[in-house]
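Let me begin by presenting the structure, written as structure tokens, before commenting on it.
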Protein chains: 2
Amino acid sequence: MTDFSTPLTHISSRDNPLIKDLRRLSQDSAAYRKQGKVWLEGDHLCRAALAKGLKPELAIFSESFWPQAPREWTLCAAKNIVITDALLPEISGLESPARMGFVMALPESALLNPNAPSLILDRVQDAGNVGSMLRSAAAFGFAQVIALKGTAALWSPKVLRAGMGAHFALKLIEGAAPADLAALAMPILVTSSHMGQFVHQQTLPWPCAWAMGHEGQGVGDALMALSSVKVRIDQPGGEESLNVAAAAAICLFASASTQK
Amino acid sequence: MTDFSTPLTHISSRDNPLIKDLRRLSQDSAAYRKQGKVWLEGDHLCRAALAKGLKPELAIFSESFWPQAPREWTLCAAKNIVITDALLPEISGLESPARMGFVMALPESALLNPNAPSLILDRVQDAGNVGSMLRSAAAFGFAQVIALKGTAALWSPKVLRAGMGAHFALKLIEGAAPADLAALAMPILVTSSHMGQFVHQQTLPWPCAWAMGHEGQGVGDALMALSSVKVRIDQPGGEESLNVAAAAAICLFASASTQK
């Protein structure tokens with residue numbers, strides 16, 4: 001089963017520099033920016049990356065899992081690393097650490113494509129919300145996600161986990177300023193609790209860019225000023241309060257299902 | 001400012017029995033079942049509970065906040081408690097502990113209403129997802145939420161926080177079995193990736209009950225067998241993968257917006 005064509009290294013010390021790097025990548029949401037590398041923990045994320053043709057720099061396996069590792073995983077990386085099982089919790093952000101993972105180079109921040117249907121994230125804080133919105137964007141044909149400064153780090157372990165592989169299907173732009181959005185050759189849409197038509201009663205423009213804002217404060221003034229379409233989500237139950245990722249799902253779906 | 005009509009107690013010891021109870025309530029997701037009490041931390045949840053006419057047993061304030069506490073909070077509970085600020089982290093599930101909170105009796109599990117539009121949760125694991133779905137249910141007129149055994153504890157601190165007060169607008173039923181759902185006098189709807197019509201291209205029944213399943217496994221066989229309507233969410237982006245709370249938002253919204 002062992003594959004000799006890919007160089008193999010064993011690591012058993014928690015002081016090994018690679019283990020130290022992985023510890024930071026798995027536990028510090030901004031470490032990927034310093035290291036320029038992303039740690040994909042577990043088979044779901046790794047499969048999703050491979051399916052999109054990405055090539056990992058390192059494939060990392062626990063000693064106990066290594067003998068069962070599928071060939072597609074042992075052949076895909078420039079280098080295989082086998083670590084003692086006791087080191088797994090050191091390099092994991094999960095309660096039950098995965099038995100394998102990939103290290104890949106952080107994809108370069110994409111240049112803003114003025115014509116790509118887009119999701120704009122304005123200081124959205126919660127990693128679960130951001131990951132859920134990346135999945136919705138990928139599902140509904142919004143190929144570009146533009147995160148304004150102050151949004152949760154898109155390639156952090158928690159957002160990666162919640163994104164379930166959507167990262168690899170999207171152009172991701174981080175650290176944008178509201179002024180950058182002027183380059184978009186399409187209307188920017190925002191939700192409002194008191195302005196505009198109901199989202200299910202109007203024809204939505206396509207292509208378009210949907211903007212979703214901070215969980216407490218919503219979309220900021222600068223972005224609001226750039227938006228040409230305000231829509232409301234009718235809430236007949238009377239509770240004027242949707243989770244931001246729930247609102248995003250409704251809006252992105254509405255665009256996707258009315259444009260045909 | 002001090003209000004003498006409500007009995008007031010000072011607590012400064014972390015060994016005080018109330019502090020011990022609150023520590024469990026704030027940090028153990030199932031403690032409310034043993035204690036029969038719920039800890040509402042922070043002003044947003046407390047306001048939402050008061051707005052629905054709920055009466056807290058205890059109102060708890062930090063020493064530094066007590067002088068500024070609004071009268072509506074100092075007059076609403078059977079008893080006020082002022083604790084030293086150093087105890088706040090002991091009784092908080094937040095990174096920045098709130099300066100006040102209420103203890104209220106756990107509402108009795110509602111009896112299943114056969115005629116109430118319902119959301120059924122089948123072993124949904126993530127507290128953020130459950131809270132988001134409670135908000136969507138309340139927003140879109142699904143007044144009853146039925147959680148099957150294995151679903152995250154609805155009144156746990158994390159679900160309460162993610163629910164943002166939706167708990168107080170809903171009939172919540174915990175620990176149900178699939179067989180209990182036979183009592184519902186309405187069709188049960190599920191989403192499927194490969195069966196049924198697209199959700200935006202059909203007339204949905206009203207009232208109805210939407211079933212949402214486990215993040216990895218989806219809706220279980222027993223519940224699937226009870227469901228009479230399967231619908232698909234069209235995902236033209238090609239990624240066949242939505243977060244469960246995002247899917248719920250789309251489905252509940254579709255029901256609410258087509259029934260009029």
Side-chain angles (χ1 to χ4, degrees), chain A residues 44 48 51-52 117 119 126-143 158 161-170 198-201 206 215-216 233-260, chain B residues 44 48 51-52 117 119 126-143 158 161-170 193 198-201 215-216 233-260:
Chain A
H44 185 94
K52 294 291 175 186
L119 170 65
D126 182 80
N129 284 340
V130 172
S132 173
M133 289 194 276
L134 295 189
R135 291 173 73 181
S136 293
F140 298 126
F142 290 78
K158 284 185 184 170
R161 211 144 56 230
M164 296 281 286
H167 287 72
F168 312 121
L170 296 164
F198 288 128
V199 66
H200 65 287
Q201 289 174 344
W206 187 265
E215 285 85 350
I233 299 174
D234 190 18
Q235 294 172 45
E239 300 295 314
E240 287 288 328
S241 154
L242 283 175
N243 167 274
V244 64
I250 290 165
C251 293
L252 299 179
F253 171 74
S255 282
S257 58
T258 58
Q259 46 129 333
K260 304 185 281 185
Chain B
H44 185 94
K52 295 291 174 186
L119 170 64
D126 182 80
N129 284 341
V130 172
S132 172
M133 289 194 277
L134 295 188
R135 291 173 73 181
S136 293
F140 297 127
F142 290 78
K158 284 185 184 169
R161 211 145 53 230
M164 296 283 284
H167 287 71
F168 312 122
L170 296 164
S193 56
F198 287 129
V199 66
H200 64 288
Q201 288 174 343
E215 284 86 349
I233 299 174
D234 190 19
Q235 294 172 45
E239 302 295 315
E240 286 288 326
S241 153
L242 283 175
N243 167 273
V244 63
I250 290 166
C251 293
L252 300 179
F253 172 74
S255 282
S257 59
T258 58
Q259 46 128 331
K260 303 184 281 183

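Contact check for A:Phe253 versus B:Val199: side-chain heavy atoms found under the 4.5 Å cut-off.
Atom CG of B:Leu134 is separated from atom CG of A:Asn243 by 11.0 Å, given to the nearest 0.5 angstrom.
The two atoms that bring A:Leu242 and B:Ala139 nearest to each other are CD2-CB, 3.8 Å, heavy atoms only.
The candidate from B:Ser132, B:Gly141, B:Ala143 with the greatest count of non-hydrogen atom pairs under 4.5 Å with chain A is B:Ser132. With respect to chain B, the highest number of heavy-atom pairs below 4.5 Å among A:Ile250, A:Val244, A:Leu252 belongs to A:Ile250.
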